[in-house]
Amino acid sequence: MTATVHTEHRTAPQSPRTPVRRQRLRAVAGLAAVTLALGALTACGDEEPAKSDKSAGTEDNGAADDSADTADDGDDADSGQGADDGGADSGSDYFTLDDVAVWEDSGLEISVEAVSPYTPGEWALLENEDYDTYKVDFALTNNGDERISTVLILPTGYDENGIEAARVYDGDIGMGFQENVDPGVTVTAEYAFEVPPGSTSFTVEIGDLMTEAAVWKFDI
């Protein structure tokens with residue numbers, strides 16, 4: 001007698017669709033949130049930094065000296081050099097070492113204190129070891145009423161052809177400002193940039209996603 005074996009054909013249980021659907025909805029919602037955030041940042045990014053002279057604090061004392069110098073040296077041959085310097089800055093959108101970039105809405109102020117050739121250390125992170133390296137020293141002041149976060153305040157360098165210059169990371173170089181700056185506090189940060197050999201200039205811009213950036217141009 002042949003035994004008959006009865007087998008049941010069971011359908012493998014299907015995984016519930018709800019979690020997958022929820023994941024998709026969450027992904028779409030996340031993308032929408034990012035889009036809205038970027039839109040908000042774009043909408044708020046219209047404020048342009050104003051130029052303020054670093055010597056504005058001593059302007060009153062300097063005015064008398066300037067008047068005396070003008071009276072005594074009005075025909076001085078060296079005055080031509082001053083005119084050339086002023087002419088280079090007049091009408092230019094670039095900031096100089098004598099300028100402070102001021103974002104009036106937030107009270108943020110940034111200036112460049114120094115620019116100098118830089119020799120990276122043995123353990124520096126470089127993209128182009130045969131490039132020249134220049135260090136830029138920044139000062140940031142919070143003249144507003146609220147604490148400022150510097151997370152989104154980053155400089156970007158460009159060579160004279162407008163190609164983005166790689167940042168150098170070497171110890172404290174490139175580490176940025178302290179994260180939060182209270183009202184009335186000034187902090188500093190050092191950044192270094194790689195520039196192709198033979199370059200005659202490079203530019204650096206700095207700001208955050210909420211505002212227009214300030215741009216400095218340096219002849220080298």
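Because the structure is predicted, anything quoted here is derived from the model rather than measured. Quick note: residue numbers are just sequence positions, from 1.
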Sidechain-backbone polar pair: [X] side chain, [Y] backbone, donor-acceptor under 3.5 Å:
| X | Y | value |
| --- | --- | --- |
| Thr150 | Gln178 | yes |
| Asn161 | Ile163 | no |
| Asp159 | Gly162 | yes |
| Lys217 | Val204 | no |
| Asp208 | Thr211 | yes |
| Arg167 | Pro155 | yes |
| Thr203 | Trp216 | no |
| Asn142 | Val181 | yes |
| Trp103 | Ile110 | no |
| Ser199 | Ser201 | no |

- Query: Should we say atom CG of Asp145 is surrounded by more than 12 heavy atoms from elsewhere, each under 6.0 Å from it?
  - Reply: no
- Same hydrophobic cluster for Val112 and Val187, using side-chain heavy-atom links shorter than 4.5 Å among ILVMFWY? yes
- Cluster link Val151 to Leu209, ILVMFWY, side chain under 4.5 Å: yes
Using every non-hydrogen atom in the two residues, find where [X] and [Y] come nearest and quote the distance to one decimal.
| X | Y | answer |
| --- | --- | --- |
| Lys51 | Phe95 | CG-CE2, 3.3 Å |
| Gly144 | Pro183 | O-CB, 3.2 Å |
| Ala213 | Pro49 | O-CG, 3.9 Å |
| Asp130 | Pro197 | O-CG, 3.3 Å |
| Ala114 | Leu97 | N-CD2, 4.4 Å |

- Message: Once side-chain hydrogen bond (donor to acceptor under 3.5 Å, both in side chains) is applied, what residue pairs with a partner in residues 106-118 remain, sequence neighbours excluded?
- Response: Lys54-Glu113, Glu109-Asn143, Ser111-Glu113, Tyr118-Asp170
To the closest 0.5 Å, what do you measure between [atom1] ([X]) and [atom2] ([Y])?
| X | Y | atom1 | atom2 | value |
| --- | --- | --- | --- | --- |
| Thr156 | Glu164 | OG1 | CD | 5.5 Å |
| Ile153 | Phe138 | CD1 | CZ | 11.5 Å |
| Glu194 | Asn128 | CD | CG | 5.0 Å |
| Leu154 | Ile206 | CG | CD1 | 7.5 Å |
| Asp99 | Ser92 | CG | OG | 9.0 Å |

Is there side-chain contact between [X] and [Y], with heavy atoms separated by less than 4.5 Å?
| X | Y | value |
| --- | --- | --- |
| Leu108 | Leu140 | yes |
| Glu212 | Glu47 | no |
| Leu126 | Pro120 | yes |
| Ile220 | Val195 | yes |

- With sequence neighbours excluded, tell me which residues meet salt bridge (Lys or Arg N to Asp or Glu O under 4.0 Å) with Glu190. Lys135
- With sequence neighbours excluded, tell me which residues meet salt bridge (Lys or Arg N to Asp or Glu O under 4.0 Å) with Asp132. none
- Message: Quick check on ring-ring contact (aromatic ring centres under 6.0 Å, His included): which of Phe218, Tyr191, Phe202 does Tyr134 satisfy it with?
- Response: Phe202
- Message: Under a plain distance cut-off of 3.5 Å, with no hydrogens placed, do Glu160 and Thr200 share a side-chain donor-acceptor pair?
- Response: yes
